[in-house]
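Each chain gets a letter, A, B and so on, in the order its sequence line appears, and its residues count up from 1.
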Amino acid sequence: MERYEPEQVERKWQAVWEREDAFLVLNPTLPIKPEDADKSYVLEMLPYPSGELHMGHVLNYTLGDVVTHVRRRRGFRVLRPMGYDAFGLPAENAAIREGGHPRLITERNIAAIREQMKRMGWAVDWSREVSTADPRYYRWTQWLFLRFLERGLAYRKEALVKWCPNDQTVLANEQVIDGRCERCGAEVEAKSLEQWFFRITAYADALLDEMDLLESWPERVLTMQRNWIGRSEGAEAIFRIEELDIDLPVFTTRPDTLFGATFFVLAPEHPLVPQLVEGTEHEAAVFDYVRHTAARSAVERVDPDQEKTGVLTGRYATNPVNGEQIPVWVADYVLMDYGTGAIMAVPAHDERDYAFAKKFGPPIRTVVAPAEGDPAEEGAFVEHTEGEQLVDSGPFTGMRSPEAKKAIVEWLEANHLGRPAVGYRLRDWLLSRQRYWGAPIPVVYCEDECGIVPVPDEDLPVLLPEVDDYVPKGRSPLAAAEDWVRTTCPSCGGPARRETDTMDTFVDSSWYFLRYTDPENDEAPFGTEIANYWLPVNQYIGGIEHAILHLLYARFFTKVMQEMGLVDFREPFARLFNQGMIYRHGAKMAKSKGNVVPPDEMISHYGADATRLYILFMAPADEDKEWQDTGIEGTSRFLARLWRLAHEVAERGDPGSPDDSPLVRTTHATIQKVTDDIERRFQFNTPVAALMDLLNRAQHAKDDPGQAAAVRFATETIVSLVQPYAPHMAEELWERLGHERLWEESWPEPDPAQLERDTFTLVVQVNGKVRDKVEVPTGLSEDELVARATELPKVRAHLDGKEIRKRIVVPGKLVNLVVG
RNA sequence: GCCGGGGUGGCGGAACGGUAGACGCGGAGGACUUAAAAUCCUCUUGGCGAGAGUCAGUGUGGGUUCGAAUCCCACCCCCGGCACCA
């Protein structure tokens, strides 16, 4: 028997799969027939082609691979594609650093990562490969942008935006973490710029409500999305500055506290601030404060532990419910981009207003009684008043706060002083980027009268121009391609200039899962009927880092495409699974931390099969896990033992069909467990343990001639069941055991009769404590089971002649005797 | 602060209200070998005990239950999200 040489076996089978198109899956012919119904779309988040596979990829794609293999062998038509999220900053930064074109760098990286993926042996349908940086792909990204534009869902506006001074480009809100750029960590700055946005806020409620349509998503992801959307219900109330004839609406979630408003605050960026103070004695101080605020960094400004600051405007606003005149302040604890950029301040019932009032002196007026037992100190901050009774609130005094909320909003509405309103934390998606390596935004600016003019569909794609310099200078590098920028207006034929910003790469990845269904289509981004066949994705797998960004954007895109009639479903991903992160030496594996284990080294040393097995065996797939350098020895040894046993079994020839025996029954039980764990429980570590266990048993039985047939059956079953995890070795052994192609073999099914046992281990408890176990025949009555239990000497010792007050019998499992 | 997830041997973990610690790593001892590697066998939660055993034990404290790692309540700790969002 030759030694197990993973490299040789793996190279051999990878070549066979390629030659025989093993994992190619054809679309069904249209129209879809009922016999095509058993489909499954298994998708992993597409990689950014950095050129180097890391362990996170290995886990992600091995998970998808196991699901894919099992479903294929269970008779499903399985779509399992692969592609590259190929636009983006790393390639561009590499081009700046090392020279060369981002396109060439990306192509080189794609070639390298594809090679590594093939070395892992993943069962990908390579005929559907997609790169988002390919003009045949981004043509349709641009096409979709134009459809959004037509529907008013893409728009351009001047706004205060988040600017990364390092990457020299704007960022979406979702790309700012704790005031820093999520890519490079630089502190973001605020900048007023004209930019392109997607109107995702119009879908805030749909994104929340349609979570109900999802089959199975992790609770934490849903929570993160809910937090991000940040819906809160309340009311808009109109305060008025009489002397200037200005209405200042505010958003509040506590209209029941309107009578407690003792001052009013505007955000420093509020557009009406200048008008309020112009020509007054407060002008200088207010302008000074506004300038001071603008100079503060974003990180500093959002720190809630900062002492409150603010300045008086000298103006007074009228409280709509009682006509009271309250002073108007400007303070930076009020944010321009939430609500209306202005608030009514109720210091008795809002912590922030309370802190401000304590420092600057406005009165603190309790209008909702504290809950019973809480101190009712004069002028104190009163927490937890939801549901309590209103005091000093005019006609609403005495109502409980929930009714008061309704009553006050109704009163406001009837008097045209307010209305019910909903606030969201979610902002529109800023999609333009001042960088080179992305899809150009397909519009031109007419220099005559036409304004913003979309590039006609037939002129797509708008190809990226060639430029010499990718260095970001605060404007898009595309602007340097003057010949490209200068164009004619599609509408009037006059002179026009092209938009030079490119799209956020998250636009590219918001629809790629549809392109896979129809990757060669030249007429449309994809065929509607075939997309409706394959989607929604049955199982999506990827990292938690995309919980908000990609997953929220893709859901938004799908809803819009559904409304456009491009697809007939509202949610793209029915089931989502997030794999955990991989740590080593207590930190997330990262080049910068020097704790990376390169998959390539693992493959060279132990083989792809052992690496695949270990990454799934080491811990539950959804948990963060610590990489143990010696851990892979276990799966490597397991494969070597399987190799030896299978060879011994093969050499002995055919022993006929096995008789009933414990080993045969355990084998059937293992089939059951492995299938159930993978398909129902989505658990991947325990099947490996079950296979190791079965191998141990088979090995112990192998020298018993009476069990030759059972050992062969067990061994062949292990080979068959391990195929999704270790496909190369499984094929090799399957062949050596005298069979053909294992990937074409149907998935084993347990014989129900063999899952039935004729004896079982009865656990006997006394007062809930295990005292003994005994092997008994199945099918005994409760009385018989109790009789067997009470016969046992150890049990008798604990019964100690006492009276049995109660007996619990769980058939097939245990007897619990309660004595008193 | 609010929301979500989690806390089990030396380590990774198993246990889908019913035998806590499967499977694996590491460790100890042994077999084979001139030796090593590889392989195989035995042991490996803690206390007491020569042993058969026995008591304790799943972050802490309560509760529900015949029976709780698992369900409920309170608390502690760790991880993640949100947070001057009115």
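Under the 30°/60° scheme for interplanar angles, the aromatic rings of A:His647 and A:Trp643 are found to be tilted. Relative orientation of the A:Tyr289 and A:His292 rings is tilted, given thresholds of 30° and 60° on the angle between their planes.
Regarding contacts with the backbone of B:G81, every side-chain N or O of A:Arg226 stays at 4.0 angstrom or more from both OP1 and OP2. Note on A:Lys806: a side-chain N or O is less than 4.0 Å away from OP1 or OP2 of B:C66. Distances shown here put every side-chain N or O of A:His700 at or beyond 4.0 Å from the OP1 or OP2 atom of B:C40.
Annotation: A:Lys813, atom NZ; neighbour count of heavy atoms from other residues, nucleotides and ligands within 6.0 Å does not exceed 12. Environment of CD in A:Glu626: crowded, with over 12 heavy atoms of neighbouring residues, nucleotides or ligands closer than 6.0 Å. Surrounding CD of A:Glu307 are at most 12 heavy atoms belonging to other residues, nucleotides or ligands under 6.0 Å away. In A:Arg796, the CZ atom is not crowded: 12 or fewer heavy atoms of neighbouring residues, nucleotides or ligands sit closer than 6.0 Å.
Remark: C1' of B:C41 and CZ of A:Arg697 are 18 Å apart, rounded to the nearest angstrom. Taking atom CD of residue A:Glu633 and atom C1' of nucleotide B:U39, one finds them 14 Å apart after rounding to whole Å. Atom CG of A:Leu335 is separated from atom C1' of B:A86 by 9 Å (rounded to the nearest Å). Summarising the geometry, the separation between CG on A:Leu642 and P on B:G24 is reported as 14 Å, rounded to the nearest angstrom. Rounded to whole Å, the distance from CG on A:Leu552 to P on B:C82 is 12 Å. Between the P atom of B:U39 and the CD atom of A:Glu648 lies a distance of 15 Å, rounded to the nearest Å. A:Asp337 places its CG atom 13 Å from the P atom of B:A86, with the value rounded to the nearest Å. When rounded to the nearest whole Å, the span between CG of A:Leu551 and P of B:G81 equals 15 Å.
The residue A:Asp676 sits close to a base: some heavy atom pair falls under 4.0 Å. Counting non-hydrogen atoms under 4.0 angstrom, A:Ser232 reaches the backbone sugars and phosphates but no base. The residue A:Val346 sits apart from the nucleic acid: no heavy atom pair falls under 4.0 Å. Among the atoms of the strands shown, only primed sugar atoms or phosphate atoms (P, OP1, OP2) are found under 4.0 Å from some heavy atom of A:Trp228. Residue-level contact check: A:Arg637 touches the backbone only, with heavy atoms under 4.0 Å from sugar-phosphate atoms and none from bases. Residue-level contact check: A:Pro218 touches neither bases nor backbone, having no heavy atom under 4.0 Å from any strand.
For B:G9, the O4'-C1' to base torsion is within 90° of 0; the nucleotide is therefore syn.
Using a 4.0 Å cutoff on non-hydrogen atoms, the parts of residues 812-819 of chain A near RNA chain B are A:Lys813, A:Leu814, A:Asn816, A:Val818, ordered by number. Residues of residues 679-687 of chain A that place a heavy atom closer than 4.0 Å to RNA chain B, in numerical order, are A:Arg680, A:Arg681, A:Gln683, A:Asn685, A:Thr686.
Nucleotides B:A22 and B:U42, compared at atom P, are 14 Å apart to the nearest Å. A gap of 32 Å separates the C1' atoms of B:C76 and B:G24, to the nearest Å. Comparing B:G21 with B:C11, their C1' atoms sit 13 Å apart, to the nearest whole Å. Nucleotides B:G53 and B:U44, compared at atom P, are 14 Å apart to the nearest Å. Spacing between B:G13 and B:A74 at atom C1', rounded to whole Å, works out to 29 Å. Distance noted for atom P between B:C48 and B:U39: 36 Å (whole Å). Of the C1' atoms belonging to B:G10 and B:C2, the separation is 38 Å, rounded to the nearest Å. Only the P atoms considered, B:G57 is 11 Å distant from B:G62, to the nearest whole Å.
Checking B:C84, B:G81, B:G24 against every side-chain atom of A:Asn696, the shortest atom distance belongs to B:G24. Nearest nucleotide to the side chain of A:Lys769, out of B:C40, B:A56, B:A86: B:A56. In this structure, of B:U39, B:U19, B:G26, it is B:U19 that holds the atom nearest to the side chain of A:Val763. When distances run from any side-chain atom of A:Asp677 to the nucleotides B:C16, B:C66, B:U39, the shortest one goes to B:C16.
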Secondary structure of RNA chain B in dot-bracket form (Watson-Crick or G-U wobble, distances below 3.5 Å, | marking inter-strand pairs): (((((((..(((.....[....)))((((((.......))))))((((....))))..(((((..]....))))))))))))....

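Not one N or O on the side chain of A:Asp247 forms a donor-acceptor pair closer than 3.5 Å with the backbone of A:Arg240. Although no hydrogens or angles enter the test, the distance criterion places a donor-acceptor pair under 3.5 Å between the side chain of A:Asp609 and the main chain of A:Met729. Side-chain atoms of A:His798 never come within 3.5 Å of backbone atoms of A:Arg771 as a donor-acceptor pair (strictly under, hydrogens ignored). Checking side-chain atoms of A:Thr790 against main-chain N and O of A:Ala787 turns up a donor-acceptor pair under 3.5 Å. A donor-acceptor pair is defined here as one N or O able to donate and one able to accept, closer than 3.5 Å; no such pair exists between the side chain of A:Gln707 and the backbone of A:Lys702.
Between A:Arg807 and A:Val815, the closest side-chain pair of non-hydrogen atoms is not below 4.5 Å.
A cation-pi arrangement is not found for A:Lys308 relative to A:Phe356, the charged atom failing to lie both closer than 6.0 Å to the ring centre and inside a 45° cone about the ring normal.
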Residue pair A:Val328, A:Phe239: steps toward the side-chain contact (heavy atoms from CB on, under 4.5 Å) verdict: CA-CA 11 Å; A:Val328 176; A:Phe239 283 67; over 6 Å; no

Is there a side chain to side chain donor-acceptor pair (under 3.5 Å) between A:Tyr583 and A:Asn595 once you walk through the steps? CA-CA 8 Å; A:Tyr583 290 78; A:Asn595 62 351; over 6 Å; no

side-chain contact (heavy atoms from CB on, under 4.5 Å), that's the test. Do A:Val597 and A:Met602 meet it? Break it down for me. CA-CA 8 Å; A:Val597 177; A:Met602 283 291 125; 3.4 Å; yes

Give every donor-acceptor pair under 3.5 Å between a side-chain atom in residues 258-271 of chain A and any protein atom, sequence neighbours left out.
| from | atom 1 | to | atom 2 | distance (Å) |
| --- | --- | --- | --- | --- |
| A:Thr262 | OG1 | A:Pro363 | O | 2.8 |
| A:Glu269 | OE2 | A:Arg301 | NH1 | 2.4 |
| A:His270 | ND1 | A:Leu272 | N | 3.2 |

Using a 4.0 Å heavy-atom cut-off to protein, can you give one letter per nucleotide of nucleotides 43-54 of chain B, 5' to 3': B if the base is in contact, S if only the sugar-phosphate is, - if neither? ----------SS

Under 4.0 Å protein heavy-atom contact, by nucleotide of nucleotides 2-12 of chain B - B base, S sugar-phosphate only: -SS------BB

